[in-house]
Protein chains: 2
Amino acid sequence: MDAAIATVNDVGYHRASLAQIAARAGIAKSIISYHFEGKEQLLLYVIDEVFTGVEKVTRAAVAAADDPAARLAAFARGYLTFVRDHREEMIAAVEIAVSHRDVDGMPLYLAESDEENALLEGMVADGIAAGQFRQVDLTVARTTVIHALDGALTRSQIDARVDLDAYGDQLIPMLLAALGYRPDG
Amino acid sequence: MDAAIATVNDVGYHRASLAQIAARAGIAKSIISYHFEGKEQLLLYVIDEVFTGVEKVTRAAVAAADDPAARLAAFARGYLTFVRDHREEMIAAVEIAVSHRDVDGMPLYLAESDEENALLEGMVADGIAAGQFRQVDLTVARTTVIHALDGALTRSQIDARVDLDAYGDQLIPMLLAALGYRPDG
DNA sequence: CCGAAATTAGGCCAATCGGTCAAAAAGGTC
DNA sequence: GACCTTTTTGACCGATTGGCCTAATTTCGG
């Protein structure tokens, strides 16, 4: 699996062949077929592991905060922390999610996570109800937050030296401001 | 080229073979090799055309606005208008940019456009100097704006019925607020 | 109307793909 | 050490890839 992640990050999804992955791992490629149902399952398993991890971290961070704005900030911070600590895995997972197509040609990244959407929209809706946020469109707000965080990952991908903590220090106030944040309105 | 765009959007970049594209266009695949240097050049040409188009539209919109905040808003509006009017092309171009790798395995979308970066950072910097924006990090601001706009494209990709004008009505104030916008401060 | 040039068609190629298979190797248990 | 299961191997498969080549066709200036 480490070899799969490294290979995907090195040559991209569609050139990450069983032969390449096996060569990098120093094994015969039939081993992959033996332990996994196939190349697809292997890469989907990578996605599953990584996204489960980021979900766990963000959910825990959100749960520890006590008002909507703090929860949103915690979500963003948790996400960025996870990217900082699991950079390669995240890059590979996103690459797979973006490149993988099911039999109908449907990309995986368009199949949004209902749980994540609900979590984010819930925070925004709660913030609006509590008077912390402006009356923003929930879908636009959620999409923008996620894509803004994805921007941090892309930055980190372009330049591995990027300080994601400092990035968060800049981004999180921007996100709160975007939602019209006023403390305890 | 229309067939290439349609094929990429239908089955994705790495399954958009010469055979598929030719079949969709109703021609022999050798025609593609005759008129283009190869499959790569064809798809890169698609990217070039589309991104040149969006750059033209956004630059014109920006030039017509007269203060930094208005320019940023015009940039976003121009981008969203282009997406609205050239949805398929934009989706295909982004798919290609994300999926294409050069010989070193370097993804195309990581090779940022210096002109676009300079344009965006210039607007933000001018806005800060004019007192319209808060003292935000230029790189974070630029990255966030672009990714927020990309979020609109993704939304449109998930649901073609999304009203991108209305999306802009929601998103643009959010972006300005994220930058700490105060009119003519 | 013709001949050269441009274009199209379709067969063909080596390379690579994901995956299978029989057999060898390794591991574990009496 | 014998025996059985699990794991690993490398050869091999049909399918598909991007691209090449030759021949047929179309286009078009003179």
Side-chain angles (χ1 to χ4, degrees), chain A residues 1-50 89 92-109 111, chain B residues 1-50 89 92-109 111:
Chain A
M1 296 227 354
D2 288 344
I5 290 172
T7 304
V8 166
N9 285 345
D10 197 26
V11 302
Y13 175 87
H14 75 279
R15 285 195 202 151
S17 63
L18 285 178
Q20 290 251 356
I21 296 171
R24 191 179 294 254
I27 57 175
K29 64 178 179 169
S30 45
I31 297 183
I32 300 174
S33 298
Y34 178 77
H35 288 277
F36 295 89
E37 201 171 320
K39 177 195 169 189
E40 257 189 27
Q41 308 304 321
L42 166 63
L43 297 180
L44 293 182
Y45 188 68
V46 170
I47 281 196
D48 196 59
E49 275 230 327
V50 175
E89 296 100 304
V94 170
E95 162 78 12
I96 296 168
V98 163
S99 300
H100 180 82
R101 302 289 175 125
D102 63 19
V103 285
D104 302 327
M106 171 80 164
L108 203 58
Y109 76 102
Chain B
M1 296 225 353
D2 288 344
I5 291 172
T7 305
V8 165
N9 286 345
D10 197 26
V11 302
Y13 174 88
H14 76 279
R15 284 196 203 150
S17 63
L18 286 179
Q20 289 249 359
I21 296 171
R24 189 177 296 253
I27 58 175
K29 61 180 181 168
S30 48
I31 297 183
I32 299 174
S33 298
Y34 178 76
H35 289 278
F36 295 90
E37 203 170 318
K39 177 195 168 188
E40 256 189 28
Q41 307 304 321
L42 165 64
L43 296 180
L44 293 182
Y45 189 68
V46 169
I47 281 197
D48 196 59
E49 275 229 327
V50 174
E89 296 100 304
V94 170
E95 162 79 12
I96 295 168
V98 163
S99 300
H100 179 84
R101 302 290 175 123
D102 63 19
V103 285
D104 301 329
M106 171 80 165
L108 203 57
Y109 77 101

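On a predicted model such as this, the values are computed, not experimentally measured, just so you know.
- At a cut-off of 3.5 angstrom, counting only N and O atoms as typed in the model, there is no donor on one side facing an acceptor on the other between the side-chain of A:S33 and the base of C:dG19.
- Atom NZ in B:K29 sits roughly 10 Å away from atom C1' in D:dC20 (whole-Å rounding).
- Dashed line: the shortest gap from a side-chain N or O of B:Y34 to OP1 or OP2 of C:dT7 is under 4.0 Å.
- Within a 6.0 Å sphere centred on OH of B:Y45, other residues, nucleotides and ligands contribute 12 heavy atoms or fewer.
- The CD1 atom of A:I27 sits 19 Å away from the P atom of D:dT6 (whole-angstrom rounding).
- Whole-Å rounding puts the A:I32 CD1 to C:dG18 P distance at 9 Å.
- With hydrogens and angles ignored, a donor-acceptor pair closer than 3.5 Å exists between the side chain of A:S30 and the base of D:dG10.
- Side-chain N/O atoms of A:H35 include none lying less than 4.0 angstrom from OP1 or OP2 on D:dT6.
- Looking only at side-chain heavy atoms (C-beta outward), B:R101 and B:M106 stay at 4.5 Å or farther from each other.
- Whole-Å rounding puts the A:F36 CZ to D:dT8 P distance at 12 Å.
- Contact annotation: side chain of B:K39 to base of D:dG19, donor-acceptor pair absent below 3.5 Å.
- Put simply, CG on A:D102 and CD on A:E40 are 8.5 Å apart, with the number rounded to the nearest 0.5 Å.
- Contacts with DNA chain D (heavy atom under 4.0 Å) in residues 10-26 of chain A: none are found.
- The CD1 atom of A:I31 sits 12 Å away from the C1' atom of D:dT6 (whole-angstrom rounding).
- Ion pairing between B:R24 and B:D2 fails under the 4.0 Å rule for side-chain N and carboxylate O.
- To the nearest 0.5 Å, atom CG of residue A:L42 and atom CD1 of residue A:I21 are 5.5 Å apart.
- Applying the ring pair (Phe, Tyr, Trp, His ring centres under 6.0 Å) test to pairs two or more places apart or on separate chains, those with a residue in residues 4-39 of chain B are A:Y13-B:H14, A:H14-B:Y13, A:H14-B:H14.
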